[in-house]
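The basis for the numbers below is simple: all heavy atoms, side chains too, and nothing from hydrogens, waters or symmetry mates.
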Amino acid sequence: MIGAAKIKQYSNVLEKPLNKGKQEVSLSAFAFLFSELVQYNQTQVDNIAELERRLEDAGYAVGARVLELLCHREKGNRRETRLLGILSFVHSTVWKVLFGKVADSLEKGTEHEDEYMISEKELLVNRFISIPKDMGTFNCGAFVAGIVRGVLDGSGFPAVVTAHFVPMEGQQRPRTTILIKFSEEVLRREARLG
């Protein structure tokens, strides 16, 4: 028949190729949905620390799912076993899938051997958020910190992950730094592996 094309049927959504179809979500739709997530959680808590913890928990669930999807599609169900490998995976692959670009920088902490930092000049979740003066230290980057923690925990690299604002000279808005502090077991395992 003329004009009839064969359409391949996929038995599972995970088997669909990554490069088919539109992969991006509308920025305005994401901003609206994320704003609703923040507003809902804000009504459920009494302080800023609890709000950030709830956003981090929501991000953790996203991170666990992103890890499963990317390991299945990109890596043939293999996961990283080395510290620098998983950090590179988060900094490049995960960041590119979530935000459309590689993170601005990945650095090792100078004061502590177990600390690494992923910095982003303008993190997407902080781009359209205006913080009231009574919530001065609130950082929506806690959601992204939760995503990173979910990816790391799912890969067997337990860590404490937090989001911080870091002022930049000559810039009106501070950059967001995701601080990753790995547990002792990760460092011992890495030392054993050489």
Side-chain angles (χ1 to χ4, degrees), residues 24-70 86-87 89-91 93-101 103-107 109 111-112 114-168 171-186:
E24 296 177 6
V25 174
S26 163
L27 186 58
S28 60
F30 171 78
F32 176 73
L33 185 63
F34 187 72
S35 170
E36 289 298 313
L37 175 70
V38 172
Q39 288 177 33
Y40 171 75
N41 283 308
Q42 191 175 1
T43 63
Q44 306 295 314
V45 299
D46 297 327
N47 58 37
I48 296 169
E50 182 67 17
L51 177 57
E52 286 182 342
R53 188 197 60 75
R54 288 181 71 119
L55 286 177
E56 185 181 341
D57 289 345
Y60 184 89
V62 172
R65 286 168 178 81
V66 165
L67 174 68
E68 290 298 321
L69 182 66
L70 290 177
I86 193 65
L87 286 169
F89 176 70
V90 170
H91 170 261
T93 307
V94 172
W95 221 265
K96 195 179 294 185
V97 166
L98 293 176
F99 304 115
K101 68 180 193 80
D104 291 341
S105 69
L106 170 64
E107 304 167 12
E111 296 176 15
H112 301 283
D114 61 348
E115 289 184 348
Y116 290 83
M117 297 167 278
I118 298 175
S119 295
E120 186 71 42
K121 184 177 177 185
E122 193 171 0
L123 193 62
L124 181 64
V125 296
N126 286 332
R127 187 178 297 170
F128 303 108
I129 300 292
S130 58
I131 301 169
K133 292 202 184 296
D134 63 329
M135 297 179 72
T137 61
F138 175 63
N139 188 341
C140 287
F143 180 75
V144 177
I147 293 173
V148 171
R149 188 171 64 91
V151 169
L152 292 174
D153 276 359
S155 298
F157 293 87
V160 175
V161 184
T162 53
H164 305 276
F165 284 127
V166 178
M168 292 174 32
Q171 299 291 326
Q172 181 180 354
R173 296 177 63 112
R175 76 171 189 233
T176 303
T177 297
I178 306 297
L179 180 65
I180 305 165
K181 185 172 179 63
F182 288 101
S183 68
E184 283 296 318
E185 71 179 78
V186 172

From Leu87 atom CG to Ile118 atom CD1, the distance as rounded to the nearest 0.5 Å: 6.5 Å
Polar side-chain atom of Glu115 near backbone of Leu179 as donor-acceptor pair, under 3.5 Å: no
Measuring from Ile178:CD1 to Leu106:CG, what's the distance to the nearest 0.5 Å? 12.0 Å
Please check if the number of heavy atoms outside Lys96 that lie under 6.0 Å from its NZ is greater than 12. no
Can you list every ring pair (Phe, Tyr, Trp, His ring centres under 6.0 Å) pair that touches residues 24-61, not counting sequence neighbours? Phe30-Phe34, Phe34-Phe143
Run Glu68 and Arg65 through salt bridge (Lys or Arg N to Asp or Glu O under 4.0 Å) and show every step you take. CA-CA 5 Å; Glu68 290 298 321; Arg65 286 168 178 81; over 6 Å; no
I need the minimum non-hydrogen distance between Val125 and Cys140, along with the two atoms involved. CG2-O, 3.5 Å
Verify side-chain contact (heavy atoms from CB on, under 4.5 Å) between Phe89 and Leu152, making sure each step is shown before the conclusion. CA-CA 10 Å; Phe89 176 70; Leu152 292 174; over 6 Å; no
Pairs satisfying salt bridge (charged side-chain N to carboxylate O under 4.0 Å, His left out), at least one member in residues 140-156, at least two apart: Glu56-Arg149, Asp57-Arg149, Arg149-Asp153
With the side chain counted from C-beta on, respond yes when Met117 and His164 share a heavy-atom pair under 4.5 Å apart, and no when they do not. no
Quick one: pull up CZ in Phe138 and CG in Asn126 and give me the separation to the nearest 0.5 Å. 8.0 Å
Can you confirm whether Val166 sits close enough to Ser119 that some side-chain heavy atom of one is under 4.5 Å from a side-chain heavy atom of the other? no
Taking CZ in Arg127 as the centre, count heavy atoms belonging to other residues, nucleotides or ligands within less than 6.0 Å. Is the count above 12? yes
For Asp46, does the CG atom have more than 12 heavy-atom neighbours from other residues, nucleotides or ligands under 6.0 Å away? no
Looking only at non-hydrogen atoms, find the nearest pair between Ala163 and Ala145 and report the distance. N-CB, 4.1 Å
Are Ile180 and Phe157 close enough that some pair of their side-chain heavy atoms sits under 4.5 Å apart? no
To the nearest 0.5 Å, how far apart are CG in Leu55 and CD1 in Ile147? 10.5 Å
State, to 0.1 Å, how close Leu123 and Gly141 come at their nearest heavy-atom pair, and which atoms those are. CD2-CA, 3.8 Å
Scanning both residues in full, the closest heavy-atom pair of Gln42 with Leu51 reads N-CD1, 3.6 Å
Out of curiosity, Leu27 CG to Leu124 CG, how far, rounded to the nearest 0.5 Å? 5.5 Å
Does Val94 reach the side chain of Val148, with side-chain heavy atoms less than 4.5 Å apart? no
For Lys121, look at atom NZ and say whether over 12 heavy atoms of other residues, nucleotides or ligands are found less than 6.0 Å away. no
What distance do Arg175 atom CZ and Glu120 atom CD have between them, rounded to the nearest 0.5 Å? 10.5 Å
